[in-house]
Asks: 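A single structure is presented below for examination.
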Amino acid sequence: MDRKTFLKTSLAGAAALMAAPGAVVSCASAKEEKKSPATPLNLSFQEGVTPGQTLAEKLDFMESLGITGFEPGGKGLSGRVTEIREALNGRNIKVSAICAGFDGFILAEDPSVKAQFDTTMRDIVRAAGELGSTGVIMVPVFNWQTPSLPHTLETRDFLCAQLHDLGEFAVSCGTTVILEPLNRKEAFYMRLVSDAAAICRDADSAGVKCMGDFWHMQEETSDYAAFMSAGPYLQHVHIASRGNRIMPGEDGDVDNYVDGFRALKELGYPHYVSFECGCRSEDRVATLTAAVNLLRTQWDQA
Ligand code: MG
């Protein structure tokens, strides 16, 4: 193509675009739709993160910051259903997720330890359903939990089959189980969000979901890709500072969540981003308030 023909073709192309402005507009709006600017940031606090002596004081503080999710631990949850229900009554706060709290573990080699898991996990799942929780968080096996089944293909098949049954039980209770990938120092078995999502797919139950924890996600090559890989399986998110697992913002510039938030917005993620972290400062109220403001700013930037 000589220069003259090139110019002619380019001009014809430009003219065609001018004649069809709708085409240009629809490209722009498709991009806008992809970003889903209307997706709200639903923040949640774990019970232990929140300042206050009583549950009511904690919930009052959460309300003052516009926090709409509350994440209690699972230990003894069946005995707390009435207490938590009454404390949430009339407030714009719901139970976001339940954090573990069971005994034993699902990949235990010892059948009695596996049985402990089966019984206590189902008790928590039942209570989680009564509280309207999005799910109960679980880790298949921590590095320190031994003896565990070997890391083999047969074990993965066993895990998927067990999770299928547990997931169906959770659905019958109106909730889910949520797999939490950690990092290799804590749980070698499941380290990446995409690993957990693939197990959800293979467990083949609507009651088996997964989550991402910005702290553990240090092994991911991309926060954005990690969340996108989970897609519809993504049921919960944990957040902490990215250097020392303290309050978001306390580690300075490294506490950047924009890339991950962009994925959550594009997915139209409807669930919660929940604080699971320590606090370096002695002024927890001021630090939490600043962390919430930081996250809302970064959500707007995403
Ligand atoms: Mg976590």
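We're numbering straight along the sequence, starting at 1. Indexing begins at 1, ligand by ligand and atom by atom, following the structure's order.
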Asks: At the Mg ion (ligand 1), what's the angle from Glu180 OE2 to Glu276 OE1, rounded to 10 degrees?
Replies: 170°
Asks: Is NZ or CZ of Arg191 both nearer than 6.0 Å to the six-membered ring centre of Tyr189 and within 45° of the ring axis?
Replies: no
Asks: Taking the six-membered ring for Trp, are Tyr269 and Phe261 ring centroids under 6.0 Å apart?
Replies: no
Asks: How about Tyr257 and Phe214: are their ring centres within less than 6.0 Å of each other?
Replies: yes
Asks: Determine whether the aromatic ring centres of Phe45 and Phe275 lie less than 6.0 Å apart.
Replies: yes
Asks: Can an N, O or S atom be found in His216 less than 2.8 Å away from the Mg ion (ligand 1)?
Replies: no
Asks: For N/O/S atoms only: which one belongs to Asp213 and is nearest the Mg ion (ligand 1)?
Replies: OD2
Asks: Check His238 and report its N/O/S atom nearest to the Mg ion (ligand 1), by atom name.
Replies: ND1
